[in-house]
Amino acid sequence: MNLPAKVTVKEVGPRDGLQNEEEHISTIDKIEWINQLSESGLSYIEITSFVHPKWIPQLGDAVDVAKQINRKPGVTYAALVPNERGLERALEADIDEVSIFMSASEAHNRKNINKSIRETYPVLSPVVQTAKNEGKTVRAYVSTVFGCPYDGTVEVDQALSVCERLFEMGIDECSIGDTIGVANPLQVERVLSTLSNHFPKDKLALHFHNTRGTALANVVTALQLGFTTFDSSLGGLGGCPYAKGASGNLATDDLLYMLEEMGIHTGVDHHKLLKSGEWIQHVVGKPLPSHHMQMLRSGGIQV
């Protein structure tokens with residue numbers, strides 16, 4: 001295999017993982033979890049969302065969380081920001097990186113943002129410009145690139161068009177999302193080959209879901225194509241609230257095991273990460289779906 005020597009793993013569990021949890025997670029526990037993740041060797045943690053608390057009550061304490069965590073030098077602390085009002089709060093909390101979001105499919109974009117794709121650009125553009133003026137980097141999530149729960153098949157040209165507009169706004173990186181976990185390695189090869197003809201590979205990240213058990217296979221395909229940035233959530237926590245059955249992000253612990261066993265450097269201490277996974281599993285009060293969390297519960301491995 002033609003594989004990279006190093007990969008960047010971007011942990012999204014404190015935001016993407018916790019946002020769907022029905023049971024309230026205390027601010028103190030969120031801060032403690034992020035602090036644990038900071039000590040694991042991760043270089044990037046998405047810690048919260050500045051979406052209005054009415055839409056995501058679980059993350060209504062975003063400013064408090066961002067202000068009270070122990071920030072470790074060398075770690076980027078990012079947050080999801082939907083609009084200019086959210087950006088004001090994110091800047092107040094001194095977030096390192098601003099993450100904006102939209103979909104490649106019309107129906108999902110309307111369900112998620114309550115706007116058409118065309119109507120979304122004027123909302124996001126000033127967020128990008130202001131954030132950049134404030135010295136922040138900006139990342140964009142593009143959801144439903146590989147399939148939509150409402151529209152079904154999503155043509156790669158739709159994703160390409162959205163990405164082009166976002167890069168024209170000035171974003172630094174675009175995360176390509178398999179929001180409902182329908183992608184397969186051949187589709188990943190086709191989509192990424194097209195996108196990499198238009199954008200540098202180091203400006204694109206992959207955000208796979210493991211709904212149908214294909215996330216790691218899709219990662220291997222992306223690795224062989226030269227992509228080196230992947231989003232994941234410890235324990236496989238989280239999913240998409242607007243995509244029925246799309247539970248389970250790609251699990252950070254399973255991803256790291258595979259990468260390290262393949263000789264690909266991540267800089268993350270797998271032992272510390274597993275201890276943190278065991279801790280948050282106790283906090284949320286339910287078993288997490290990753291293979292390593294299953295092995296921990298069965299006594300197959302110890303931390």
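FYI, the numbering just counts along the sequence from 1. It should be emphasised that the depicted structure is a prediction, and the values quoted were computed from it without experimental measurement. Below, each value reflects all heavy atoms present in this structure, side chains not excepted, and no hydrogens, waters or symmetry copies.
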Exercise. Any donor-acceptor pair under 3.5 Å linking the side chain of Asn210 with the backbone of Leu250?
Worked result: no
Exercise. For the side chain of His282 and the backbone of Glu278, is there at least one donor-acceptor N/O pair under 3.5 Å apart?
Worked result: no
Problem set entry | Other residues, nucleotides, ligands: >12 heavy atoms within 6.0 Å of Tyr257 OH | no
Less than 3.5 Å apart, which donor and acceptor atoms pair up between the side chains of residues 3-13 and the rest of the protein, not counting sequence neighbours?
unit_1	atom_1	unit_2	atom_2	d
Lys10	NZ	Glu173	OE1	2.8
Lys10	NZ	Glu173	OE2	3.4
Glu11	OE1	Leu234	N	3.3
Glu11	OE1	Thr252	OG1	2.6
Glu11	OE2	Gly13	N	2.8
Glu11	OE2	Leu234	N	3.0

Exercise. Side chains of Asp253 and Ser290: donor-acceptor distance under 3.5 Å anywhere?
Worked result: yes
Exercise. Judged by atom type as modelled, is there a donor-acceptor pair below 3.5 Å linking the side chain of Glu106 to the main-chain atoms of Ile117?
Worked result: yes
Exercise. Does any N or O in the side chain of Lys201 come within less than 3.5 Å of the main-chain N or O of Leu225, such that one atom is a donor and the other an acceptor?
Worked result: yes
Exercise. Do His292 and Asp254 meet the criterion of a side-chain donor-acceptor pair at a distance under 3.5 Å?
Worked result: yes
Exercise. Would Tyr77 and Ser38 satisfy side-chain hydrogen bond (donor to acceptor under 3.5 Å, both in side chains), going step by step from the backbone distance to the final call?
Worked result: CA-CA 9 Å; Tyr77 297 95; Ser38 294; 2.7 Å; yes
Exercise. Are a donor atom and an acceptor atom from the side chains of Thr266 and Glu260 found within less than 3.5 Å of each other?
Worked result: yes
For this session: Kindly confirm or rule out a cation-pi arrangement of Arg15 over Tyr141, judged by NZ or CZ under 6.0 Å from the six-membered ring centre and within 45° of its axis?
Result: yes
Problem set entry | Exceeds 12 heavy-atom contacts within 6.0 angstrom, atom CD1 of Ile28 | no
Exercise. Looking only at atom types and distance, does a side-chain atom of Gln58 sit under 3.5 Å from a main-chain N or O of Glu21, one as donor and one as acceptor?
Worked result: yes
For this session: Please report the C-alpha distance between Thr144 and Tyr150 in whole Å, then the side-chain angles of each, then the deciding distance to 0.1 Å, and finally whether the side-chain contact (heavy atoms from CB on, under 4.5 Å) criterion is met.
Result: CA-CA 10 Å; Thr144 62; Tyr150 311 107; over 6 Å; no
For this session: Would you check if the side chain of Asp96 reaches a backbone N or O of Ala78 as a donor-acceptor pair within less than 3.5 Å?
Result: no
For this session: Could you walk me through whether Ser143 and Asn112 pass side-chain hydrogen bond (donor to acceptor under 3.5 Å, both in side chains), step by step?
Result: CA-CA 10 Å; Ser143 301; Asn112 199 21; 4.9 Å; no
Exercise. For Lys275, does the NZ atom sit with more than 12 other heavy atoms under 6.0 Å from it, leaving out its own atoms?
Worked result: no
Exercise. Got a donor-acceptor contact below 3.5 angstrom from the Asp157 side chain to the Ser161 backbone?
Worked result: no
Problem set entry | Backbone N/O of Ile180 and side chain of Arg212: donor-acceptor pair under 3.5 Å | yes
Exercise. Distance-only, no hydrogens or angles: does the Thr221 side chain make a donor-acceptor pair with backbone N or O of Ala217 under 3.5 Å?
Worked result: yes
Exercise. In Å and rounded to the nearest 0.5 Å, what is the CG to OG distance from Leu206 to Ser232?
Worked result: 11.5 Å
For this session: Check the surroundings of atom CG in Asn133: do more than 12 heavy atoms from other residues, nucleotides or ligands lie under 6.0 Å from it?
Result: yes
Exercise. Taking the six-membered ring of Tyr121, is NZ or CZ of Arg165 closer than 6.0 Å to its centre and within 45° of its axis?
Worked result: yes
Exercise. Is a side-chain donor or acceptor of Asn109 paired with a backbone partner of Ser103 at a separation under 3.5 angstrom?
Worked result: yes
For this session: Return yes when atom CG of Asn197 has more than 12 non-hydrogen atoms of other residues, nucleotides or ligands closer than 6.0 Å, and no otherwise.
Result: yes
For this session: Determine whether more than 12 heavy atoms belonging to other residues, nucleotides or ligands lie under 6.0 Å from atom NE2 of His270.
Result: yes
Exercise. Parallel, tilted or perpendicular: which fits the ring planes of Phe146 and Phe208, with parallel below 30° and perpendicular above 60°?
Worked result: tilted
For this session: Name all residues meeting the side chain to side chain donor-acceptor pair (under 3.5 Å) criterion together with Glu97; count only those two or more places apart in sequence or in a different chain, and write none if there are none.
Result: Tyr44, Thr137
For this session: Apply side-chain hydrogen bond (donor to acceptor under 3.5 Å, both in side chains) to the pair Thr27 and Asp61, showing each step before the final yes or no.
Result: CA-CA 7 Å; Thr27 302; Asp61 55 359; 2.5 Å; yes
